[in-house]
Amino acid sequence: MRSEQDKCRIAIISAVFICLVGCASKDTDQDDVQRFFAKHKSGGSPDYAVIKNGTDHLITIHGYADDLSVCMELIKPYNKDPSLSTLPGSYSCVPLNH
């Protein structure tokens with residue numbers, strides 16, 4: 001049987017958890033990410049998105065000295081050997097800002 005002190009701790013922890021989950025419930029999609037980077041450049045070079053099949057924003061490359069070079073190095077093996085990807089498709093690097 002739990003003591004009153006244990007019950008109080010559980011209630012407080014549960015309340016904090018519910019508040020944190022409620023505050024973080026806004027969904028973010030790829031359009032939100034692209035809008036953010038259109039207005040906020042990270043580092044000295046333009047930031048890039050790795051895009052699959054022309055529409056799916058997979059990851060954002062930012063904060064490197066040359067984001068485009070990093071992006072190109074990341075996608076090169078997948079475009080060269082499609083068997084490396086779980087789902088077939090083509091990869092590209094798209095600038096998010098200038």
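Values below: all heavy atoms of this structure, side chains included; hydrogens, waters and symmetry mates excluded. Residue indices begin at 1 and follow the sequence shown.
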**Q** About how many Å separate CG of D32 and NE2 of H57, when rounded to the nearest 0.5 Å?
**A** 11.5 Å
**Q** With a 4.5 Å limit on heavy-atom distance, are the side chains of D67 and P46 in contact?
**A** no
**Q** How far does CE of M72 sit from NZ of K76, to the nearest 0.5 angstrom?
**A** 8.5 Å
**Q** Of all heavy-atom pairs between V50 and C71, which one has the smallest distance, and what is that distance?
**A** CG2-SG, 3.6 Å
**Q** How many angstroms lie between OH in Y48 and CG in L96, if you round to the nearest 0.5 Å?
**A** 9.0 Å
**Q** Do K52 and L87 make a side-chain contact, defined as non-hydrogen atoms from C-beta onward lying under 4.5 Å apart?
**A** yes
**Q** Please test I51 against L58 for side chain to side chain contact (heavy atoms under 4.5 Å, CB included), starting from the C-alpha separation and ending with a verdict.
**A** CA-CA 6 Å; I51 304 291; L58 301 181; over 6 Å; no
**Q** Which pair of heavy atoms, one from K41 and one from H98, lies closest together, and at what distance?
**A** CD-O, 4.0 Å
**Q** Restricting to non-hydrogen atoms, name the atom on H62 and the atom on D47 that form the minimum distance, rounded to 0.1 Å.
**A** CB-OD1, 3.2 Å
**Q** Is it the case that the side chain of N53 and the backbone of S90 share a donor-acceptor pair, with hydrogens and angles ignored and the cut-off at 3.5 Å?
**A** yes
**Q** Closest approach of D81 and S83, non-hydrogen atoms and distance?
**A** OD1-OG, 2.6 Å
**Q** F36: what forms a ring-ring contact (aromatic ring centres under 6.0 Å, His included) with it, not counting sequence neighbours?
**A** H40
**Q** Over all heavy atoms of both residues, which pair between I59 and I61 is shortest? Give the atoms and the distance, please.
**A** CD1-CD1, 3.8 Å
**Q** Please report the closest heavy-atom contact between Y91 and S85, naming both atoms and the distance.
**A** OH-OG, 2.7 Å
**Q** Does I75 belong to the same Ile/Leu/Val/Met/Phe/Trp/Tyr cluster as Y64, with side-chain heavy atoms less than 4.5 Å apart forming each link?
**A** yes
**Q** Quiz question: by atom type and distance under 3.5 Å, do the side chains of S45 and D66 form a donor-acceptor pair?
**A** no
